[in-house]
Each structure stands twice: as C-alpha cells, then as structure tokens.
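Read the structure below first, then the notes.
When reading the values below, keep in mind they use all heavy atoms of this one structure, side chains included, and skip hydrogens, waters and symmetry mates. By convention in this document, chain letters (A, B, ...) are assigned in the order of the sequence lines, proteins followed by strands, and residues within each chain are numbered from 1.
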Amino acid sequence: GENVEQHPSTLSVQEGDSAVIKCTYSDSASNYFPWYKQELGKGPQLIIDIRSNVGEKKDQRIAVTLNKTAKHFSLHITETQPEDSAVYFCAATDAYSGAGSYQLTFGKGTKLSVIP
Amino acid sequence: NAGVTQTPKFQVLKTGQSMTLQCAQDMNHNSMYWYRQDPGMGLRLIYYSASEGTTDKGEVPNGYNVSRLNKREFSLRLESAAPSQTSVYFCASSENIGLAGAKNIQYFGAGTRLSVL
C-alpha cells in the first residue's frame with residue numbers, strides 16, 4: 001500500500017516569512033495529491049490539490065509542487081500570517097487511474113506556528 | 001448547506017460500553033469515510049463506503065463496525081469500547097470514490113472526541 005512521509009512535524013516562522021512542508025510517497029500509481037489544513041477543534045479542510053500531470057499549482061499565497069520522478073511534493077506558503085497557524089496534512093491517492101483503492105493516505109501532519 | 005454533520009461532538013465511555021457515532025452529509029455524495037486521528041499518527045482510515053449498500057475495511061478496522069443506512073448517513077459502531085479507542089473520529093464524504101476522473105475531494109465533519117476510561 002501507499003506510504004506518505006511528511007516533514008517537518010513542527011515548523012515555526014516569523015510573520016511575513018515563507019513556510020515549506022515536504023512530503024514523499026511510495027506508490028508510483030498515486031496521481032492525486034491534496035493538502036488539508038486543520039484548525040484547532042475543526043475537521044481538515046482542503047486548501048489546494050495537484051494532479052500528477054501538473055508540476056506546479058498556485059492559489060494566491062499558497063502553491064504546491066510535484067516531482068513525480070523523485071516521488072515528492074511540497075506545500076509553499078508565502079507571506080505567512082497568524083491565521084495560517086494550523087496543522088497541515090498532505091495526502092496521496094490513485095484517484096484517476098480507473099482502478100485501485102482510491103483511498104487517501106495521509107501524512108502525519110505538520111504543526112505550523114506563525115509568530116507575529 | 002451544512003456539509004458533513006457528526007454527532008455527538010464529545011463522548012466519554014467506560015471500557016466495555018457500546019456506542020454509535022452518527023454522520024450525515026447533504027452534498028448528495030456517493031462515498032463516505034470514517035477516520036480516527038491520534039497524536040503524531042495523522043488520519044487513519046477505519047472503514048469506507050464507496051456507494052450506498054457497500055462498505056469496506058480501511059487501515060484500522062478492528063473493533064469497529066459500520067452501517068451505510070442510506071445515501072446520506074454512515075454510522076460507526078463500537079461494540080465494546082477499549083481505552084485504545086480513545087481518539088478523535090472524523091467522518092468525510094466525496095463525490096464518488098470509484099469513478100476515475102470524478103472529484104475525489106473529501107469533505108470532513110468537525111469530529112467526535114471520544115474518551116474511553
């Protein structure tokens with residue numbers, strides 16, 4: 001089955017700085033990689049996703065990059081703000097293969113703290 | 001539009017007691033999921049239901065049972081609760097897990113915080 005490793009487990013940055021969270025996956029069949037943000041006391045919420053036929057995707061201050069050859073993908077948050085403080089999860093699945101389990105395998109999470 | 005609703009929000013059980021966690025979605029999604037979240041472990045899939053009438057085991061199914069009551073509702077039952085089942089439980093739903101190309105974005109509820117003493 002798929003195995004997703006996520007680093008770092010905790011990350012502290014000064015407000016306005018950039019934050020980068022990295023994930024690696026093991027199953028070459030995985031082709032869809034979402035990122036979820038979980039605020040305290042709430043359920044995870046999708047913030048950005050990328051499919052394997054795309055190398056990079058941006059949405060305002062957040063971006064995700066994917067390197068299929070190396071089997072790793074990263075979340076980049078620029079100009080961080082205190083409201084970015086949360087736990088971030090990466091995930092992988094073979095959602096678009098036409099076969100397979102389609103289950104999401106999550107990384108263990110990164111707690112991001114943005115210091116004002 | 002409430003999305004995914006879980007009840008109860010908090011629960012304390014004694015070892016050996018049983019309970020059912022309820023989940024309902026109003027997005028007309030075909031697929032639903034139950035996860036548990038433990039510190040340092042991320043989210044682990046317990047059971048999922050690809051469509052009404054079907055259920056399948058995930059990564060950590062032992063000690064749990066599920067029922068897909070109808071398209072909207074997916075319940076998780078603990079028959080004899082154990083302290084190891086102390087966790088936060090999340091229900092999620094997505095458009096259609098089995099259809100290639102379909103949007104497989106999972107939408108999560110707010111969670112049920114369960115303590116087993």
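- Comparing B:Q37, B:E59, B:Q6, B:M41 by how many heavy-atom pairs each has under 4.5 Å with chain A, the most go to B:Q37.
- Heavy atoms closer than 4.5 Å to chain A are found in the side chain of B:R113, but not in its backbone.
- Residue A:K108 places its NZ atom among 12 or fewer non-hydrogen atoms of other residues, nucleotides or ligands, all under 6.0 Å distant.
- B:Y35 OH to A:F106 CZ: the interatomic distance, rounded to the nearest 0.5 Å, is 4.5 Å.
- Within 6.0 Å of CD in A:Q81 there are more than 12 heavy atoms belonging to other residues, nucleotides or ligands.
- Tracing side-chain contacts under 4.5 Å through hydrophobic residues (I, L, V, M, F, W, Y), one reaches A:Y32 starting from A:Y36; they form part of the same cluster.
- Per-residue heavy-atom pair counts under 4.5 Å with chain B were compared for A:A91, A:P44, A:G109, A:G41, and the maximum is reached by A:P44.
- Heavy-atom distances place no part of A:P34 under 4.5 Å from chain B, backbone and side chain included.
- The hydrophobic cluster containing A:L11 also contains A:Y88, counting ILVMFWY residues as joined when their side-chain heavy atoms lie under 4.5 angstrom apart, directly or transitively.
- Within 6.0 Å of CD on A:E83 lie more than 12 heavy atoms contributed by other residues, nucleotides or ligands.
- Shown here for B:F90 and A:Q38, the closest heavy-atom pair between the two residues is CZ-NE2, 3.2 Å.
- Across every non-hydrogen atom of A:Q103 and B:Y48, the tightest pair is NE2-CE2, 3.2 Å.
- With a 4.5 angstrom heavy-atom cutoff, B:L43 touches chain A via backbone and side-chain atoms both.
- Between the CD atom of B:Q106 and the CD atom of A:Q45 there is a distance of 14.0 Å, given to the nearest 0.5 Å.
- One hydrophobic cluster holds both B:V66 and B:L114 under the rule that ILVMFWY side chains link at heavy-atom gaps under 4.5 Å.
- Within a 6.0 Å sphere centred on CG of A:L40, other residues, nucleotides and ligands contribute 12 heavy atoms or fewer.
- With a 4.5 Å cut-off on side-chain heavy atoms, B:F108 and A:K42 do not count as touching.
- In the displayed structure, B:K71 atom NZ is contacted under 6.0 Å by more than 12 heavy atoms of other residues, nucleotides or ligands.
- Judged by distance alone, with hydrogens and angles left aside, the side-chain atoms of B:Y107 form no donor-acceptor pair with the main-chain N or O of A:L46 at under 3.5 Å.
- Remark: B:I105 CD1 to A:L104 CG distance equals 10.5 Å, nearest 0.5 Å.
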